[in-house]
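Worksheet for the structure shown next.
Indexing begins at 1, ligand by ligand and atom by atom, following the structure's order.
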Amino acid sequence: MFWNEQLETIERKALEKLQLEKLRKALAAAATTPFYKKVFADNGVDVSRITTLDHLRDLPLTTKHDLRLSYPDGMVAVPRTEIVRLHASSGTTGKSTVIFYTAKDLADWADLIARSMMATGTTRNDVFQNMMGYGLFTGGLGLHYGAERLGCLVIPSSTGNSLKQIELMKDFGTTVVHITPSYAMHLADVVSENGINPPDLGIKKAYLGAEPYSEGVKKKIEGQWGLDAYNSYGLSEMNGPGVAFECEYKNGMHLWEDYYIMEIINPDTGERLPDGEEGELVLTHINREAMPIIRYRTRDLTRIIPEKCACGRTHRRIERIKGRTDDMLIVGGVNVFPSQIETVLMNVPEVGNNYQIVLDRHNNLDRIHVRVELYNKMFEGDIKALDALRKKVVERLKALITVNPKVELLEPGSLPPSMGKAVRVIDKREI
Ligand code: AMP
Ligand code: ZN
(Lines give C-alpha, C1' and ligand atoms only; values in the text may rest on other atoms or scores of the structure.)
(Ligands and ions follow the chains in the order given, each with its own letter.)
Protein backbone atom coordinates (compact mmCIF):
# COMPACT_ATOMS: atom_id res chain seq x y z
CA MET A 1 0.00 0.00 0.00
CA PHE A 2 1.39 3.36 -1.03
CA TRP A 3 0.70 6.84 0.25
CA ASN A 4 2.41 8.39 -2.76
CA GLU A 5 3.28 5.62 -5.17
CA GLN A 6 4.99 7.87 -7.67
CA LEU A 7 7.44 9.24 -5.08
CA GLU A 8 7.96 5.99 -3.23
CA THR A 9 8.77 3.95 -6.32
CA ILE A 10 10.54 6.70 -8.24
CA GLU A 11 13.43 5.45 -10.39
CA ARG A 12 16.86 6.00 -8.90
CA LYS A 13 17.91 8.38 -11.68
CA ALA A 14 14.88 10.58 -11.20
CA LEU A 15 15.29 10.39 -7.44
CA GLU A 16 18.89 11.57 -7.69
CA LYS A 17 17.87 14.41 -9.96
CA LEU A 18 15.25 15.45 -7.43
CA GLN A 19 17.81 15.18 -4.60
CA LEU A 20 20.26 17.42 -6.43
CA GLU A 21 17.61 20.08 -7.09
CA LYS A 22 16.56 20.04 -3.45
CA LEU A 23 20.14 19.96 -2.20
CA ARG A 24 21.03 23.06 -4.17
CA LYS A 25 18.04 24.86 -2.73
CA ALA A 26 18.92 23.72 0.80
CA LEU A 27 22.52 24.84 0.38
CA ALA A 28 21.50 28.25 -0.90
CA ALA A 29 19.20 28.64 2.10
CA ALA A 30 21.86 27.38 4.52
CA ALA A 31 24.34 29.90 3.15
CA THR A 32 22.11 32.71 4.42
CA THR A 33 22.30 31.54 8.05
CA PRO A 34 24.92 32.98 10.41
CA PHE A 35 26.30 29.53 11.20
CA TYR A 36 26.78 28.21 7.66
CA LYS A 37 27.82 31.60 6.31
CA LYS A 38 30.84 31.39 8.56
CA VAL A 39 31.49 27.65 8.07
CA PHE A 40 31.34 27.97 4.30
CA ALA A 41 33.60 31.04 4.33
CA ASP A 42 36.12 29.37 6.66
CA ASN A 43 36.25 26.29 4.43
CA GLY A 44 36.25 28.11 1.11
CA VAL A 45 32.92 26.60 0.08
CA ASP A 46 31.04 28.27 -2.76
CA VAL A 47 27.64 26.57 -2.79
CA SER A 48 26.93 27.59 -6.36
CA ARG A 49 29.72 25.22 -7.36
CA ILE A 50 27.92 22.18 -5.96
CA THR A 51 26.53 20.82 -9.19
CA THR A 52 26.55 17.07 -8.55
CA LEU A 53 25.50 14.94 -5.59
CA ASP A 54 29.05 13.72 -5.33
CA HIS A 55 30.26 17.24 -4.49
CA LEU A 56 28.46 16.87 -1.18
CA ARG A 57 31.41 14.98 0.23
CA ASP A 58 33.54 18.12 -0.05
CA LEU A 59 31.36 19.99 2.42
CA PRO A 60 32.17 20.09 6.13
CA LEU A 61 30.25 17.89 8.57
CA THR A 62 27.84 19.39 11.13
CA THR A 63 27.75 18.11 14.72
CA LYS A 64 25.47 18.33 17.75
CA HIS A 65 28.08 20.60 19.25
CA ASP A 66 27.63 23.00 16.30
CA LEU A 67 23.92 23.09 17.00
CA ARG A 68 24.58 24.02 20.60
CA LEU A 69 27.07 26.69 19.55
CA SER A 70 24.55 28.26 17.22
CA TYR A 71 21.82 28.22 19.89
CA PRO A 72 19.18 29.52 19.69
CA ASP A 73 18.75 30.44 16.04
CA GLY A 74 22.13 30.56 14.30
CA MET A 75 20.99 27.96 11.74
CA VAL A 76 17.61 29.48 10.95
CA ALA A 77 17.06 30.35 7.31
CA VAL A 78 13.64 32.07 7.41
CA PRO A 79 12.26 35.18 9.10
CA ARG A 80 11.09 34.63 12.66
CA THR A 81 7.42 35.15 11.68
CA GLU A 82 7.56 32.14 9.33
CA ILE A 83 8.39 29.78 12.19
CA VAL A 84 5.39 28.11 13.80
CA ARG A 85 6.91 25.48 16.10
CA LEU A 86 10.07 24.38 17.83
CA HIS A 87 11.17 21.11 19.38
CA ALA A 88 14.20 20.44 21.53
CA SER A 89 16.27 17.37 22.14
CA SER A 90 16.00 15.93 25.61
CA GLY A 91 18.52 15.51 28.34
CA THR A 92 21.01 18.24 27.68
CA THR A 93 22.24 20.81 30.16
CA GLY A 94 21.72 24.49 29.62
CA LYS A 95 21.65 24.71 25.89
CA SER A 96 19.70 21.95 24.26
CA THR A 97 19.52 21.46 20.53
CA VAL A 98 16.52 23.30 19.20
CA ILE A 99 14.83 22.62 15.88
CA PHE A 100 12.47 25.04 14.13
CA TYR A 101 9.70 24.37 11.62
CA THR A 102 7.63 26.46 9.25
CA ALA A 103 4.01 25.51 8.54
CA LYS A 104 5.17 23.81 5.34
CA ASP A 105 7.86 21.89 7.24
CA LEU A 106 5.22 20.54 9.62
CA ALA A 107 2.88 19.62 6.78
CA ASP A 108 5.70 17.85 4.94
CA TRP A 109 6.73 16.00 8.08
CA ALA A 110 3.14 14.82 8.67
CA ASP A 111 3.05 13.66 5.06
CA LEU A 112 6.21 11.60 5.55
CA ILE A 113 4.80 9.98 8.68
CA ALA A 114 1.55 9.16 6.85
CA ARG A 115 3.68 7.58 4.13
CA SER A 116 5.64 5.57 6.73
CA MET A 117 2.53 4.33 8.50
CA MET A 118 0.83 3.35 5.28
CA ALA A 119 3.94 1.40 4.24
CA THR A 120 3.18 -0.91 7.19
CA GLY A 121 -0.43 -1.37 6.10
CA THR A 122 -2.05 1.12 8.48
CA THR A 123 -5.08 2.95 7.06
CA ARG A 124 -7.82 5.36 8.08
CA ASN A 125 -9.70 2.39 9.52
CA ASP A 126 -7.13 2.03 12.30
CA VAL A 127 -7.25 3.31 15.86
CA PHE A 128 -3.82 4.63 16.73
CA GLN A 129 -2.70 4.98 20.35
CA ASN A 130 0.36 7.19 20.62
CA MET A 131 2.24 6.31 23.80
CA MET A 132 5.25 8.55 23.17
CA GLY A 133 5.95 11.74 25.08
CA TYR A 134 4.11 14.83 23.89
CA GLY A 135 6.01 18.08 24.27
CA LEU A 136 9.47 19.22 23.34
CA PHE A 137 10.35 15.64 22.39
CA THR A 138 9.50 14.97 18.74
CA GLY A 139 8.16 11.41 19.18
CA GLY A 140 4.64 12.28 20.33
CA LEU A 141 3.61 15.19 18.13
CA GLY A 142 5.54 13.83 15.13
CA LEU A 143 3.49 10.64 14.79
CA HIS A 144 0.36 12.41 16.00
CA TYR A 145 -0.04 14.71 13.02
CA GLY A 146 1.05 12.03 10.57
CA ALA A 147 -1.58 9.61 11.86
CA GLU A 148 -4.27 12.30 11.64
CA ARG A 149 -3.13 13.05 8.13
CA LEU A 150 -3.57 9.39 7.28
CA GLY A 151 -7.05 9.57 8.80
CA CYS A 152 -6.65 7.23 11.78
CA LEU A 153 -8.58 7.77 14.97
CA VAL A 154 -5.74 9.11 17.13
CA ILE A 155 -5.57 8.60 20.90
CA PRO A 156 -2.91 11.01 22.20
CA SER A 157 -2.35 9.11 25.45
CA SER A 158 1.35 10.02 25.76
CA THR A 159 3.59 8.11 28.18
CA GLY A 160 2.88 6.48 31.53
CA ASN A 161 -0.36 5.79 33.43
CA SER A 162 -0.46 2.15 32.34
CA LEU A 163 -3.93 1.35 33.66
CA LYS A 164 -5.42 4.25 31.70
CA GLN A 165 -3.55 3.09 28.59
CA ILE A 166 -5.09 -0.37 28.92
CA GLU A 167 -8.56 1.06 29.49
CA LEU A 168 -8.24 3.19 26.33
CA MET A 169 -7.11 0.17 24.34
CA LYS A 170 -10.12 -1.81 25.46
CA ASP A 171 -12.72 0.96 25.14
CA PHE A 172 -11.69 2.25 21.72
CA GLY A 173 -10.33 -0.90 20.12
CA THR A 174 -6.77 0.28 19.53
CA THR A 175 -5.18 -1.51 16.58
CA VAL A 176 -1.84 0.32 16.19
CA VAL A 177 0.47 1.65 18.91
CA HIS A 178 3.59 3.82 18.99
CA ILE A 179 5.70 2.99 22.01
CA THR A 180 9.28 2.58 23.18
CA PRO A 181 10.42 -1.05 23.27
CA SER A 182 11.10 -0.92 27.01
CA TYR A 183 7.63 0.45 27.76
CA ALA A 184 6.04 -2.15 25.47
CA MET A 185 7.56 -4.93 27.58
CA HIS A 186 6.60 -3.24 30.84
CA LEU A 187 3.03 -2.66 29.68
CA ALA A 188 2.68 -6.30 28.64
CA ASP A 189 3.51 -7.26 32.24
CA VAL A 190 0.95 -4.80 33.62
CA VAL A 191 -1.70 -6.14 31.22
CA SER A 192 -1.00 -9.70 32.37
CA GLU A 193 -1.03 -8.70 36.05
CA ASN A 194 -4.52 -7.36 35.46
CA GLY A 195 -5.71 -10.74 34.28
CA ILE A 196 -5.71 -9.94 30.57
CA ASN A 197 -3.82 -11.91 27.98
CA PRO A 198 -2.15 -9.10 25.92
CA PRO A 199 -3.04 -10.61 22.49
CA ASP A 200 -6.70 -10.52 23.52
CA LEU A 201 -6.56 -6.72 23.33
CA GLY A 202 -6.37 -7.11 19.56
CA ILE A 203 -3.49 -4.74 18.82
CA LYS A 204 -2.11 -5.57 15.40
CA LYS A 205 0.92 -3.36 14.99
CA ALA A 206 3.51 -1.57 17.10
CA TYR A 207 5.92 1.10 15.98
CA LEU A 208 9.01 0.75 18.12
CA GLY A 209 11.68 3.41 18.24
CA ALA A 210 13.38 6.29 20.08
CA GLU A 211 15.94 4.03 21.74
CA PRO A 212 18.27 1.21 20.70
CA TYR A 213 16.98 -2.35 20.95
CA SER A 214 17.84 -5.71 19.51
CA GLU A 215 16.06 -8.07 17.13
CA GLY A 216 15.57 -10.33 20.17
CA VAL A 217 13.62 -7.66 22.02
CA LYS A 218 11.51 -7.00 18.93
CA LYS A 219 10.64 -10.72 18.66
CA LYS A 220 9.84 -10.84 22.36
CA ILE A 221 7.40 -7.92 22.06
CA GLU A 222 5.77 -9.48 18.99
CA GLY A 223 5.29 -12.71 20.95
CA GLN A 224 4.01 -11.06 24.13
CA TRP A 225 1.38 -8.98 22.35
CA GLY A 226 0.73 -11.15 19.29
CA LEU A 227 1.42 -8.29 16.87
CA ASP A 228 3.80 -7.16 14.15
CA ALA A 229 6.48 -4.71 15.28
CA TYR A 230 8.03 -2.19 12.91
CA ASN A 231 11.26 -0.34 13.54
CA SER A 232 10.99 3.44 13.43
CA TYR A 233 14.07 5.66 13.33
CA GLY A 234 14.51 9.37 13.60
CA LEU A 235 16.28 12.13 15.46
CA SER A 236 15.17 15.59 16.36
CA GLU A 237 17.84 17.28 14.23
CA MET A 238 16.23 15.67 11.16
CA ASN A 239 12.65 16.56 12.30
CA GLY A 240 12.13 13.59 14.59
CA PRO A 241 10.54 10.23 13.73
CA GLY A 242 9.87 9.38 10.10
CA VAL A 243 13.44 9.52 8.84
CA ALA A 244 13.48 5.76 8.23
CA PHE A 245 10.70 3.23 8.73
CA GLU A 246 10.20 -0.45 8.12
CA CYS A 247 7.67 -1.44 5.48
CA GLU A 248 5.36 -4.44 5.59
CA TYR A 249 8.37 -6.72 4.94
CA LYS A 250 9.97 -5.71 8.28
CA ASN A 251 13.44 -6.14 6.88
CA GLY A 252 15.37 -2.92 7.39
CA MET A 253 14.11 0.67 7.35
CA HIS A 254 13.47 2.63 4.15
CA LEU A 255 15.23 5.94 4.57
CA TRP A 256 13.13 8.51 2.75
CA GLU A 257 15.63 9.77 0.24
CA ASP A 258 13.49 12.53 -1.24
CA TYR A 259 13.79 14.28 2.17
CA TYR A 260 17.25 13.19 3.26
CA ILE A 261 20.54 12.45 1.58
CA MET A 262 22.32 9.70 3.44
CA GLU A 263 25.98 8.85 3.60
CA ILE A 264 27.85 6.32 5.67
CA ILE A 265 31.25 7.47 6.86
CA ASN A 266 34.16 6.01 8.75
CA PRO A 267 33.66 7.72 12.14
CA ASP A 268 37.40 8.07 12.70
CA THR A 269 38.49 9.45 9.35
CA GLY A 270 35.27 11.00 8.06
CA GLU A 271 35.81 9.19 4.76
CA ARG A 272 32.71 8.04 2.88
CA LEU A 273 32.15 4.27 2.81
CA PRO A 274 30.58 2.25 -0.01
CA ASP A 275 27.00 0.95 0.26
CA GLY A 276 26.81 -2.12 2.44
CA GLU A 277 29.65 -1.24 4.79
CA GLU A 278 28.95 -0.39 8.38
CA GLY A 279 29.76 3.08 9.66
CA GLU A 280 28.26 6.30 10.96
CA LEU A 281 25.12 7.62 9.34
CA VAL A 282 25.41 11.20 8.05
CA LEU A 283 22.24 12.97 6.92
CA THR A 284 21.51 16.11 4.97
CA HIS A 285 18.01 17.48 5.35
CA ILE A 286 16.95 18.66 1.89
CA ASN A 287 13.32 19.30 2.69
CA ARG A 288 13.18 21.85 5.50
CA GLU A 289 12.74 25.57 5.00
CA ALA A 290 13.27 26.79 8.55
CA MET A 291 16.46 24.94 9.29
CA PRO A 292 18.49 23.21 6.61
CA ILE A 293 21.17 21.00 8.15
CA ILE A 294 24.02 19.84 5.99
CA ARG A 295 25.91 16.57 6.53
CA TYR A 296 24.79 16.01 10.09
CA ARG A 297 26.75 13.42 12.05
CA THR A 298 24.05 11.30 13.71
CA ARG A 299 26.64 9.27 15.68
CA ASP A 300 24.44 6.26 14.93
CA LEU A 301 26.12 3.17 13.51
CA THR A 302 24.39 1.31 10.71
CA ARG A 303 24.74 0.00 7.17
CA ILE A 304 22.92 0.67 3.92
CA ILE A 305 21.14 -2.42 2.58
CA PRO A 306 21.86 -2.09 -1.14
CA GLU A 307 19.48 -4.84 -2.30
CA LYS A 308 16.02 -3.91 -3.58
CA CYS A 309 13.09 -4.42 -1.24
CA ALA A 310 10.25 -6.70 -2.28
CA CYS A 311 7.72 -3.92 -1.64
CA GLY A 312 8.85 -2.02 -4.73
CA ARG A 313 10.00 1.13 -2.94
CA THR A 314 13.23 2.45 -4.40
CA HIS A 315 14.38 4.35 -1.32
CA ARG A 316 17.27 2.38 0.15
CA ARG A 317 17.00 0.73 3.53
CA ILE A 318 19.25 0.98 6.57
CA GLU A 319 19.81 -1.75 9.11
CA ARG A 320 18.81 -1.62 12.75
CA ILE A 321 21.04 0.89 14.61
CA LYS A 322 23.98 -1.06 16.04
CA GLY A 323 25.21 1.49 18.53
CA ARG A 324 26.67 4.95 18.75
CA THR A 325 30.07 6.41 18.05
CA ASP A 326 29.84 8.63 21.12
CA ASP A 327 28.96 7.74 24.70
CA MET A 328 25.37 9.00 24.64
CA LEU A 329 23.06 6.83 26.72
CA ILE A 330 19.29 6.74 26.34
CA VAL A 331 17.74 6.26 29.76
CA GLY A 332 13.98 6.00 29.86
CA GLY A 333 13.85 7.80 26.53
CA VAL A 334 16.06 10.67 27.67
CA ASN A 335 19.46 11.30 26.12
CA VAL A 336 22.15 11.42 28.75
CA PHE A 337 25.84 12.00 28.31
CA PRO A 338 27.99 10.62 31.15
CA SER A 339 30.03 13.82 30.90
CA GLN A 340 26.96 15.80 32.01
CA ILE A 341 26.62 13.62 35.09
CA GLU A 342 30.29 14.13 35.76
CA THR A 343 29.90 17.91 35.52
CA VAL A 344 27.08 17.84 38.07
CA LEU A 345 29.12 15.67 40.45
CA MET A 346 32.27 17.70 40.12
CA ASN A 347 30.38 20.86 41.04
CA VAL A 348 29.61 19.37 44.44
CA PRO A 349 32.64 20.23 46.62
CA GLU A 350 32.25 17.20 48.91
CA VAL A 351 32.55 14.75 46.01
CA GLY A 352 35.86 12.93 45.67
CA ASN A 353 37.50 11.59 42.55
CA ASN A 354 35.76 8.40 41.67
CA TYR A 355 32.21 7.63 40.61
CA GLN A 356 30.29 5.01 38.71
CA ILE A 357 27.04 5.04 36.73
CA VAL A 358 25.12 1.77 36.75
CA LEU A 359 22.13 1.26 34.47
CA ASP A 360 19.67 -1.56 34.76
CA ARG A 361 16.03 -2.40 34.11
CA HIS A 362 13.46 -3.22 36.72
CA ASN A 363 10.04 -4.32 35.47
CA ASN A 364 11.32 -3.21 32.06
CA LEU A 365 11.80 0.37 33.24
CA ASP A 366 15.24 1.94 33.10
CA ARG A 367 16.93 2.78 36.37
CA ILE A 368 20.02 4.85 36.90
CA HIS A 369 22.19 4.38 39.91
CA VAL A 370 25.02 6.82 40.60
CA ARG A 371 27.70 5.70 43.05
CA VAL A 372 29.93 8.51 44.27
CA GLU A 373 32.99 8.53 46.47
CA LEU A 374 33.23 11.42 48.93
CA TYR A 375 36.19 12.91 50.75
CA ASN A 376 36.96 11.15 54.01
CA LYS A 377 36.00 14.04 56.24
CA MET A 378 32.37 13.79 55.21
CA PHE A 379 32.02 10.52 57.07
CA GLU A 380 33.21 12.13 60.29
CA GLY A 381 30.19 14.44 60.39
CA ASP A 382 26.69 13.47 61.37
CA ILE A 383 24.38 11.30 59.37
CA LYS A 384 21.91 14.13 58.75
CA ALA A 385 24.49 16.14 56.86
CA LEU A 386 25.27 13.10 54.77
CA ASP A 387 21.63 12.58 53.94
CA ALA A 388 21.20 16.24 53.02
CA LEU A 389 24.16 15.94 50.71
CA ARG A 390 22.71 12.84 49.08
CA LYS A 391 19.43 14.66 48.49
CA LYS A 392 21.28 17.60 46.98
CA VAL A 393 23.06 15.32 44.50
CA VAL A 394 19.77 13.57 43.64
CA GLU A 395 18.04 16.91 43.01
CA ARG A 396 20.82 18.21 40.78
CA LEU A 397 20.96 15.02 38.76
CA LYS A 398 17.20 14.90 38.46
CA ALA A 399 17.17 18.43 37.06
CA LEU A 400 19.54 17.21 34.40
CA ILE A 401 18.20 13.81 33.41
CA THR A 402 14.56 13.96 34.58
CA VAL A 403 14.73 10.26 35.49
CA ASN A 404 14.88 9.78 39.26
CA PRO A 405 18.40 8.56 40.04
CA LYS A 406 19.42 6.46 42.98
CA VAL A 407 22.47 8.03 44.57
CA GLU A 408 24.83 6.19 46.86
CA LEU A 409 27.55 8.03 48.77
CA LEU A 410 30.66 5.99 49.42
CA GLU A 411 33.84 6.25 51.43
CA PRO A 412 37.02 6.88 49.46
CA GLY A 413 38.47 3.73 47.93
CA SER A 414 35.11 1.90 47.75
CA LEU A 415 35.00 1.80 43.97
CA PRO A 416 37.54 -0.07 41.90
CA PRO A 417 40.40 2.32 41.12
CA SER A 418 40.61 3.11 37.44
CA MET A 419 43.57 1.61 35.67
CA GLY A 420 44.00 3.32 32.36
CA LYS A 421 40.72 4.31 30.79
CA ALA A 422 38.15 4.55 33.56
CA VAL A 423 35.07 2.40 33.22
CA ARG A 424 32.47 4.82 34.50
CA VAL A 425 29.34 3.34 32.97
CA ILE A 426 28.10 -0.15 33.63
CA ASP A 427 25.08 -0.93 31.49
CA LYS A 428 23.31 -4.06 32.70
CA ARG A 429 20.18 -3.55 30.59
CA GLU A 430 19.21 -6.24 28.16
CA ILE A 431 18.71 -4.43 24.87
P1 AMP B 1 16.28 12.42 19.87
O2 AMP B 1 16.93 13.44 19.00
O3 AMP B 1 16.22 12.82 21.30
O4 AMP B 1 14.95 12.00 19.33
O5 AMP B 1 17.22 11.11 19.85
C6 AMP B 1 17.57 10.51 18.62
C7 AMP B 1 18.42 9.28 18.85
O8 AMP B 1 17.63 8.21 19.39
C9 AMP B 1 19.00 8.72 17.56
O10 AMP B 1 20.14 9.42 17.14
C11 AMP B 1 19.28 7.27 17.97
O12 AMP B 1 20.52 7.17 18.68
C13 AMP B 1 18.13 6.94 18.91
N14 AMP B 1 17.07 6.22 18.18
C15 AMP B 1 15.94 6.72 17.67
N16 AMP B 1 15.22 5.74 17.05
C17 AMP B 1 15.92 4.60 17.17
C18 AMP B 1 15.73 3.23 16.73
N19 AMP B 1 14.65 2.85 16.06
N20 AMP B 1 16.71 2.34 17.02
C21 AMP B 1 17.82 2.72 17.71
N22 AMP B 1 18.05 3.97 18.15
C23 AMP B 1 17.11 4.90 17.89
ZN1 ZN C 1 10.10 -2.28 1.56
Side-chain angles (χ1 to χ4, degrees), residues 1-3 5 8-9 63-64 67-68 86-92 96-99 109 115-116 118-121 132-133 135-143 178-182 184 206-215 217-218 221 229-257 260 262 280-283 285 293 296-303 305-337 401-402 429 431:
M1 255 190 294
F2 295 100
W3 173 252
E5 184 163 1
E8 290 169 61
T9 59
T63 64
K64 207 177 185 75
L67 267 117
R68 291 207 183 110
L86 65 79
H87 278 285
S89 186
S90 51
T92 47
S96 41
T97 50
V98 181
I99 307 299
W109 183 19
R115 182 200 291 186
S116 304
M118 201 154 196
T120 69
M132 286 276 182
L136 287 175
F137 176 56
T138 53
L141 288 171
L143 266 276
H178 181 211
I179 189 167
T180 60
S182 48
Y207 301 141
L208 303 179
E211 63 188 15
Y213 64 107
S214 61
E215 198 57 33
V217 160
K218 173 177 169 172
I221 293 168
Y230 301 84
N231 201 355
S232 151
Y233 171 77
L235 59 161
S236 44
E237 293 82 354
M238 292 292 127
N239 279 5
V243 174
F245 224 90
E246 274 184 332
C247 68
E248 63 208 289
Y249 288 90
K250 299 197 291 181
N251 192 15
M253 300 176 277
H254 288 283
L255 195 139
W256 301 120
E257 295 185 83
Y260 308 98
M262 67 167 145
E280 181 180 333
L281 179 66
V282 167
L283 294 171
H285 203 320
I293 299 186
Y296 184 68
R297 291 193 67 162
T298 65
R299 303 283 175 186
D300 290 319
L301 289 169
T302 184
R303 180 179 90 80
I305 304 171
E307 295 81 31
K308 285 208 174 87
C309 182
C311 72
R313 289 178 181 80
T314 46
H315 301 240
R316 287 170 299 170
R317 288 165 296 160
I318 56 167
E319 246 175 23
R320 172 180 298 288
I321 305 298
K322 295 266 170 59
R324 292 188 53 93
T325 65
D326 62 8
D327 55 353
M328 186 177 95
L329 304 164
I330 303 184
V331 184
V334 177
N335 303 345
V336 179
F337 289 91
I401 54 183
T402 62
R429 296 175 297 180
I431 55 174

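Both tests do not hold together for Arg429 against Tyr213: distance to the six-membered ring centre under 6.0 Å, angle to the ring axis within 45°.
Annotation: angle subtended at the Zn ion (ligand 2) by Cys247 SG and His254 NE2 is 110°, to 10°.
When non-hydrogen atoms are compared, ligand 1 lies under 4.0 Å from the backbone of Leu235 as well as from its side chain. At a heavy-atom cutoff of 4.0 Å, ligand 1 is contacted by both the backbone and the side chain of Ser236.
Backbone and side-chain nitrogen or oxygen atoms of Thr138 are examined, and none is located within less than 3.5 angstrom of a nitrogen or oxygen of ligand 1. Geometrically, ligand 1 and Ser232 share a nitrogen or oxygen pair separated by less than 3.5 Å. Between Asp300 and ligand 1, a contact under 3.5 Å exists for at least one N or O pair.
When all heavy atoms of Ser182 and Glu211 are compared, the closest pair comes out as OG-OE2, 2.8 Å. Nearest heavy-atom pair across Met118 and Phe2 is SD-O, 3.7 Å. Closest of all the heavy-atom pairs between Pro181 and Ile221 is O-CD1, 3.5 Å. Considering all non-hydrogen atoms of both residues, Ser236 and Ile99 come closest at O-CG1, 3.3 Å. Here the shortest heavy-atom pairing between Met262 and Leu283 reads CB-CD2, 3.7 Å.
Near Ile330, meaning under 4.0 Å from any of its heavy atoms, are these atoms of ligand 1: 8 (O), 13 (C). Distances below 4.0 Å separate heavy atoms of Gly209 from the following atoms of ligand 1: 19 (N). Heavy-atom contacts of Ser89 reach the following atoms of ligand 1: 2 (O), 3 (O) (cutoff under 4.0 Å). Using a 4.0 Å cut-off to heavy atoms of Arg324, the atoms of ligand 1 that qualify are 10 (O), 12 (O). In summary, the atoms of ligand 1 found under 4.0 Å from a heavy atom of Phe137, numbered by their order in the structure, are 4 (O). Listed by atom number, the atoms of ligand 1 under 4.0 Å from Pro212 heavy atoms are 21 (C), 22 (N).
Few gaps surround NZ on Lys250; more than 12 heavy atoms of other groups in view lie less than 6.0 Å from it.
Considering CG of Asp300 and CZ of Arg324, their distance stands at 5.0 Å, rounded to 0.5 Å. Between the NZ atom in Lys64 and the CG atom in Leu235 there is a gap of 7.5 Å [rounded to 0.5 Å].
By heavy-atom distance, the residue among Met132, Met238, Glu211 lying nearest atom 22 (N) of ligand 1 is Glu211. Here atom 14 (N) of ligand 1 lies nearest to Ala210 when heavy atoms of Ala244, Gly139, Ser214, Ala210 are compared.
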